[in-house]
Amino acid sequence: MELNRRRFIKNSALAGTGMLGIPVLKANSHNEPADNAIPMAVATWNNTAAIQAAAGIIHRGGSALDAVEAGARVPEADPGDLSVGYGGLPDANGIVTLDACIMDHLGNAGSVTYLQHIKHPVSVARKVMEETPHVMLSGAGALTFALEQGFKKENLLTDESRQAWEKWSKEKKPFGETNFENHDTIGILAIDQQGNISGACTTSGMAYKRHGRVGDSPIIGAGMYVDNEVGGACATGVGEYVMKTLGSFLIVELMRQGKSPQQACEEAIKRIVTRHPRRFKDFQVGYLAVNKQGQTGAYGTEKGFEYTLLQQESNRVHPADYYLKD
Ligand code: ASP
């Protein structure tokens with residue numbers, strides 16, 4: 001948690017001083033669509049570099065699918081990002097295992113779970129979608145497939161992540177099914193100039209999770225879901241609660257029924273709160289959504305969730321509204 005919080009504080013502090021050139025705006029509970037709200041891209045947390053990569057593609061007329069993949073690859077390659085890809089914090093056994101998924105505007109989907117040694121699980125997920133008749137590959141089978149597709153086997157455990165794990169191991173903190181403290185998964189949604197939507201989600205999962213644990217992020221409909229008739233949604237936070245309510249699918253279906261993205265995110269968080277009235281105060285879940293008009297919504301169980309939105313020329317970090325107020 002210390003590492004994660006340090007990154008969060010560092011980024012927020014720099015953004016607050018304008019040093020990153022990224023203003024952090026006040027929470028906006030109902031983001032209205034701008035006149036030219038499309039193309040657009042939006043990602044969980046402070047992910048301006050990822051959004052910049054996505055923007056480069058959609059502003060040149062590229063596809064939303066290429067944009068979300070390019071965006072997700074940025075934190076995957078960043079050793080300083082302790083929740084995604086290379087440098088992601090390992091599981092309880094000190095092993096980095098990655099989960100990712102991707103979905104396009106035609107309803108095609110690909111996913112990998114419990115993947116080791118491959119820096120870009122989102123790109124392997126795309127290959128699963130495009131090169132196999134399947135949606136999801138896991139573990140050793142996913143690794144074999146990735147190697148067949150030309151991905152390189154790498155050591156993903158950095159010195160910083162190994163040292164953090166060693167410290168955690170020595171402290172012998174009480175350990176439940178998951179460690180609820182470190183989460184910074186990137187979920188990214190984009191709408192291209194043709195008005196088509198795609199989404200991706202990638203993570204190393206909860207830090208020091210039980211070996212073999214898979215979270216919500218690679219589960220289509222839990223960690224991410226898009227429907228080109230309606231919009232898309234993605235999730236971050238403790239995946240167990242997202243999976244048990246199929247959060248992203250729920251949000252898209254609520255938007256289909258006429259809710260705004262903001263209202264849909266709020267209802268999905270309230271579903272978790274209602275189901276887990278005693279537990280929800282102990283963990284964070286954050287939802288992010290966009291409808292086909294480019295109107296966005298975001299909501300967390302508690303303070304701290306934020307998202308990065310590219311619309312028109314601006315690429316900005318926004319704090320999300322949240323349920324647990326004093
Ligand atoms: N949702 C991820 C998981 O449960 C964690 C995160 O958001 O960082 O694996």
Side-chain angles (χ1 to χ4, degrees), residues 1-5 7-8 11 43-47 50 72 75-76 78 80-92 95-101 111-116 121-122 125 136 138-139 156 161 164 175-189 199-225 233-251 265 268-269 272 276 279-280 282-288 298-302 304-308 320 322:
M1 176 163 191
E2 283 157 26
L3 290 164
N4 187 46
R5 187 177 275 158
R7 173 175 172 250
F8 172 79
N11 285 343
T44 52
W45 304 108
N46 186 338
N47 266 309
E76 282 183 343
D78 179 0
D81 191 317
L82 304 179
S83 311
V84 180
Y86 176 55
L89 289 171
D91 67 12
I95 298 167
V96 181
T97 71
L98 306 176
D99 297 335
C101 72
S111 157
V112 287
T113 74
Y114 188 67
L115 177 64
Q116 296 174 39
V122 73
M136 184 179 282
S138 184
L156 302 180
S161 289
F175 179 73
E177 284 306 303
T178 52
N179 176 299
F180 287 174
E181 294 172 348
N182 184 83
H183 47 80
D184 239 354
T185 295
I186 179 168
I188 178 166
L189 306 163
C201 190
T202 181
T203 189
S204 51
M206 308 300 297
Y208 322 129
K209 61 198 175 186
R210 182 179 289 271
H211 186 61
R213 180 263 190 188
V214 170
D216 62 310
S217 306
I219 311 292
I220 303 296
M224 188 277 300
Y225 192 73
C234 56
T236 180
V238 178
E240 279 67 13
Y241 295 93
V242 176
M243 283 190 271
K244 285 188 268 194
T245 49
L246 213 54
S248 294
F249 182 74
L250 174 62
I251 290 167
C265 288
I269 288 292
I272 292 175
H276 308 282
R279 290 224 64 191
F280 82 89
D282 299 334
F283 61 83
Q284 172 73 290
V285 167
Y287 284 130
L288 181 60
Y299 202 62
T301 48
E302 62 180 34
F305 177 44
E306 56 184 359
Y307 62 101
T308 309
Y322 52 96

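Order of listing sets the numbers, starting from 1, for every ligand and every atom in it. Note that this is a predicted model, so its numbers are computed, not measured. Every heavy atom of this structure was used, including side-chain atoms; hydrogens, water molecules and symmetry mates were not.
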Enquirer: Which ligand 1 atoms does Met206 reach within 4.0 Å, using its non-hydrogen atoms?
Expert: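 Reading through ligand 1 atom by atom, the close ones are 3 (C), 4 (O), 5 (C), 9 (O).
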Enquirer: Would you compute the distance between atom OH of Tyr241 and atom CG of Asp216 and round it to the nearest 0.5 angstrom?
Expert: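 Going from the OH atom of Tyr241 to the CG atom of Asp216 covers 12.5 Å.
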Enquirer: Counting each atom of ligand 1 from 1 as listed, which ones have a heavy atom of Thr236 under 4.0 Å away?
Expert: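 Contacts of ligand 1 toward Thr236, numbered from 1: 6 (C), 7 (O).
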Enquirer: Going by distance alone, is a donor N or O of one side chain under 3.5 Å from an acceptor N or O of the other, for Gln116 and Thr97?
Expert: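 No.
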Enquirer: Heavy-atom distances under 4.0 Å decide this one: backbone, side chain, both or neither, for Arg213 against ligand 1?
Expert: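 Within the 4.0 Å criterion, Arg213 contacts ligand 1 through side-chain atoms alone.
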Enquirer: For ligand 1, which atoms sit closer than 4.0 Å to a heavy atom of Thr185?
Expert: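 By the 4.0 Å cutoff, the relevant atoms are 1 (N), 2 (C), 5 (C), 6 (C), 7 (O), 8 (O).
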Enquirer: Non-hydrogen atoms of Lys209 versus ligand 1: any pair closer than 4.0 Å?
Expert: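 Lys209 does not count as a contact of ligand 1 under the 4.0 Å cut-off.
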Enquirer: For ligand 1, which atoms sit closer than 4.0 Å to a heavy atom of Asp216?
Expert: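 Matching atoms, with element in brackets: 1 (N), 2 (C), 3 (C), 4 (O).
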Enquirer: Report, in ascending order of atom number, the atoms of ligand 1 lying under 4.0 Å from any heavy atom of Gly205.
Expert: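 The list of qualifying atoms is 9 (O).
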Enquirer: Roughly how far apart are Ile186 CD1 and Ser217 OG, rounded to 0.5 Å?
Expert: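 With rounding to 0.5 Å, CD1 (Ile186) is 11.0 Å from OG (Ser217).
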Enquirer: If you count the atoms of ligand 1 from 1 in the order shown, which ones are under 4.0 Å from a heavy atom of Gly237?
Expert: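 The atoms of ligand 1 under 4.0 Å from a heavy atom of Gly237 are 1 (N), 2 (C), 3 (C), 4 (O), 5 (C), 6 (C), 7 (O).
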Enquirer: Salt bridge check: are Glu240 and Arg213 linked by an N-O gap of less than 4.0 Å?
Expert: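 The answer is yes: the pair qualifies as a salt bridge.
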Enquirer: Check contact between Ser217 and ligand 1, using heavy atoms of the residue and a distance below 4.0 angstrom.
Expert: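 Judged by the 4.0 Å heavy-atom criterion, Ser217 does count as contacting ligand 1.
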